[in-house]
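Data first, discussion second: the structure below is written as structure tokens.
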Amino acid sequence: QVQLVESGGGLVQAGGSLRLSCAASGRTFSPYVMAWFRQAPGKDRDFLAAITQRAGRTSYADSVKGRFTISRDNAKNTVYLQMNSLKSEDTAVYYCAARETIVIYTNAYNYNYWGQGTQVTVSS
């Protein structure tokens with residue numbers, strides 16, 4: 001079992017930045033991929049970015065490429081999402097997810113561990 005706890009959400013003006021953190025605990029010695037998703041009211045949970053544990057390979061959704069950066073600190077079992085140039089359409093609940101794998105998946109149903117989510121609100 002892996003437990004995930006997100007932090008760092010909040011209210012920010014358009015054009016601003018936020019950094020989300022996701023701390024993992026539990027069975028963290030297996031290789032696993034960590035990812036960020038978001039879900040706006042009435043919409044699907046959308047993939048944003050993912051990173052592998054050992055090689056640090058990354059993948060991004062086109063909607064955030066160039067604005068968001070995913071990174072991880074394996075010593076702290078923590079993954080980060082640096083979000084720059086935020087827009088009002090980035091407003092959503094942001095979720096951290098994990099799966100014991102070395103393959104990056106972009107569908108939410110491929111991930112079996114989830115955090116509780118953190119709200120990001122971007123005011124225009």
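With hydrogens and angles disregarded, a donor-acceptor distance shorter than 3.5 Å links the side chain of Gln53 to the backbone of Tyr32. Using modelled atom types, one side-chain atom of Arg57 and one backbone atom of Ile102 make a donor-acceptor pair closer than 3.5 Å. A donor-acceptor pair is defined here as one N or O able to donate and one able to accept, closer than 3.5 Å; such a pair exists between the side chain of Thr118 and the backbone of Gly9. Arg72 places no side-chain N or O within donor-acceptor distance of the main-chain N or O of Asn77, the cut-off being under 3.5 Å.
For the pair Thr69/Tyr80, no side-chain contact is recorded, criterion being any heavy-atom separation below 4.5 Å from C-beta on. Side chains of Met83 and Val120 form a contact here, defined as non-hydrogen atoms less than 4.5 Å apart. In this structure, the side chains of Tyr113 and Gln3 stay at 4.5 Å or more apart for every pair of heavy atoms. Ser21 places none of its side-chain heavy atoms less than 4.5 Å from the side chain of Glu6.
Applying the disulfide (SG to SG under 2.5 Å) test to every pair with at least one member in residues 57-124, sequence neighbours left out, gives these pairs: Cys22-Cys96.
Scored by the side-chain contact (heavy atoms from CB on, under 4.5 Å) test, Ala14 finds Val122 as partners (sequence neighbours excluded). Considering only residues two or more places apart in sequence or on other chains, Glu100 meets the salt bridge (Lys or Arg N to Asp or Glu O under 4.0 Å) condition with Arg27. Take Lys65 and apply the salt bridge (Lys or Arg N to Asp or Glu O under 4.0 Å) test, not counting sequence neighbours, and it matches Asp62. In this structure Thr101 satisfies the side chain to side chain donor-acceptor pair (under 3.5 Å) test with no other residue, sequence neighbours excluded. Taking the salt bridge (Lys or Arg N to Asp or Glu O under 4.0 Å) definition, one finds that Arg67 meets it with Asp90, sequence neighbours left out.
Between Thr106 and Phe47, the shortest heavy-atom distance links the atoms O-CB, 3.1 Å. Taking both residues in full, the closest heavy atoms of Val12 and Leu86 are given as CG1-CD1, 3.6 Å, listed atom of the first, atom of the second, then distance. Minimum heavy-atom separation, Met34 to Ile70: O-CD1, 3.9 Å. Val93 and Gln119 get closest at one heavy-atom pair: CG2-OE1, 3.3 Å. The two residues Leu81 and Ala49 have their closest heavy-atom pair at CD1-CB, 4.3 Å. For the residue pair Val79 and Ser71, the shortest heavy atom distance occurs at CG2-O, 3.0 Å.
Residues Thr78 and Asp73 have side chains that never bring a donor and an acceptor to within less than 3.5 angstrom of each other. Residues Arg99 and Tyr111 have side chains that never bring a donor and an acceptor to within less than 3.5 angstrom of each other.
No continuous path of ILVMFWY side-chain contacts below 4.5 Å connects Tyr105 to Tyr109, so the two sit in separate hydrophobic clusters. Val33 and Tyr94 fall into different hydrophobic clusters, defined by Ile, Leu, Val, Met, Phe, Trp and Tyr side-chain heavy atoms under 4.5 Å apart, directly or through other members.
Note that CG of Asn112 and CD of Gln1 are 8.5 Å apart. Values are rounded to the nearest 0.5 Å. Of the inter-residue distances, the one linking Ser59 atom OG with Ile104 atom CD1 reads 5.0 Å to the nearest 0.5 angstrom. Here the NZ atom belonging to Lys87 is positioned 13.5 Å from the OG atom belonging to Ser124, to the nearest 0.5 angstrom.
Relative to the ring axis of Tyr95, Arg38 does not place its NZ or CZ within 45° and under 6.0 Å from the centre.
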request  = Go through Ser123 and Leu11 one step at a time and tell me if the side-chain contact (heavy atoms from CB on, under 4.5 Å) criterion holds.
outcome  = CA-CA 7 Å; Ser123 63; Leu11 174 65; 4.3 Å; yes

task = Report the C-alpha separation of Trp114 and Phe37 in whole Å, then their side-chain angles, then the decisive distance to 0.1 Å, and conclude whether the ring pair (Phe, Tyr, Trp, His ring centres under 6.0 Å) test is met.
result = CA-CA 10 Å; Trp114 291 88; Phe37 288 77; 5.2 Å; yes

